[in-house]
Enquirer: 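Below is the structure I would like to discuss, written out as structure tokens.
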Amino acid sequence: MNELRTVAKEFIQLCYRELGKSREEIELRHQEIEKSIEHTGTYKHTAEELTYGAKLAWRNSNRCIGRLFWEQLTVIDKRNIENEEEMLAALIDHIIYATNEGRIRPTITIFPQKEKNQAFRIWNHQLIRYAGYDSEKGIVGDPHSAAFTKECIQLGWKPKYGMYDVLPIVVQINNQTPKWREVPHELVKEIEIEHPEFSEFRDLNLKWYGVPIISEMKLEIGGIEYSAAPFNGWYMGTEIGARNLADIERYNVLPQVAELLELNTKTNATLWKDRALVELNAAVLYSYKKTGVSIVDHHTAAKQFKRFEEIEADQKREVTGDWTWLIPPISPASTHIFHSSYDNKIKKPNYFYQKAPY
Ligand code: ARG
């Protein structure tokens, strides 16, 4: 509890200073929080603290290259929610608001904070994600979803055994039975991947969804934990073209792409993997643009990150970062990030992994 006092105080200092509040206001709020912790063991953020705290957590996310836009986060305060039905409805609303017909809005929805005997959880890794099914010939769909897909089936969701089946949303409050709901098909923006020059690319039947909404992490602000606080930005193309579709343990499509491009795959030295990667990534960017769904290429994203670093330096704030995550998975050395080093110290507020609920 003493620790909570200290962390809360630190957060209020930082938050209120950056918001331009007076020493009196800071002192008043400190006292209020002290009293609340004394009487209840915890405290509640004002709407303003919650909003700014969530933005600070983004600014402090060492692995994120997209942090230039931290102030533009839309914060949806759903701390008044009381049951699973309301929670599921709020998550559907998040998808609609964030998707915005393709002009993606960085958004976070925040559910009630963790308490001694209260925890709100979302079981999904992302609100929109493709299922992965065990089969004799290996996993069908996204291997990354294999364990969660099993859970969904156990909860009564009917498997479809396709390559791109959107999983249902599963939520749980405390130790109650988890509740799930299918995301209405028309709300899921999806992008079929085609190539600007090679029309046969379409025949690979590759696609991906528009909005990555991370839903398994907790948000920590001033010692308070929000165990359900799904957030999204827009994709950087390489996340899809160089990882989700390309990784051997994911969709593993490079051999198919190479065949279509008639590359010689008999020897590594033709660089067939690299050439397939580049064309696949060009196709991803082209298709998202064509469909009118926000996306950023890694060169532009790196430039935006440079801008972020400059602004932070101007503000006399240190930028922390995780180099291994900040460099893009293709042509990393063509960005300034590769040639820089970053301190991977964890600043709070921030987003953290938490133990899987299943
Ligand atoms: N890398 C994850 C994926 O491919 C998404 C992580 C968040 N990405 C983002 N652009 N906000 O699904």
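All ligand and atom numbering here is 1-based and tracks the order in the structure.
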Enquirer: Can you tell me which residue pairs pass the side-chain hydrogen bond (donor to acceptor under 3.5 Å, both in side chains) test with a partner in residues 266-285, sequence neighbours excluded?
Expert: His195-Glu279
Enquirer: Should the pair Trp208 and Tyr251 be assigned to parallel (<30°), tilted (30 to 60°) or perpendicular (>60°) ring geometry?
Expert: perpendicular
Enquirer: Quick one: hydrophobic cluster around Val7, which other residues, with the 4.5 Å side-chain cut-off, linked directly or via members?
Expert: none
Enquirer: Return yes if a side-chain donor-acceptor contact under 3.5 Å exists between His298 and Thr238, otherwise no.
Expert: no
Enquirer: Between Asn350 and Asn60, is there a side-chain donor-acceptor contact under 3.5 Å, judged purely by atom types and distance?
Expert: no
Enquirer: Tell me the side-chain hydrogen bond (donor to acceptor under 3.5 Å, both in side chains) pairs involving residues 133-156, sequence neighbours left out?
Expert: Arg129-His144, Tyr133-Asp165, Asp134-Lys150, Asp142-Arg250
Enquirer: Heavy-atom contacts with ligand 1 below 4.0 Å: which residues, ordered by chain and residue number?
Expert: Gln126, Arg129, Tyr209, Pro212, Ile214, Gly233, Trp234, Tyr235, Glu239, Asn244
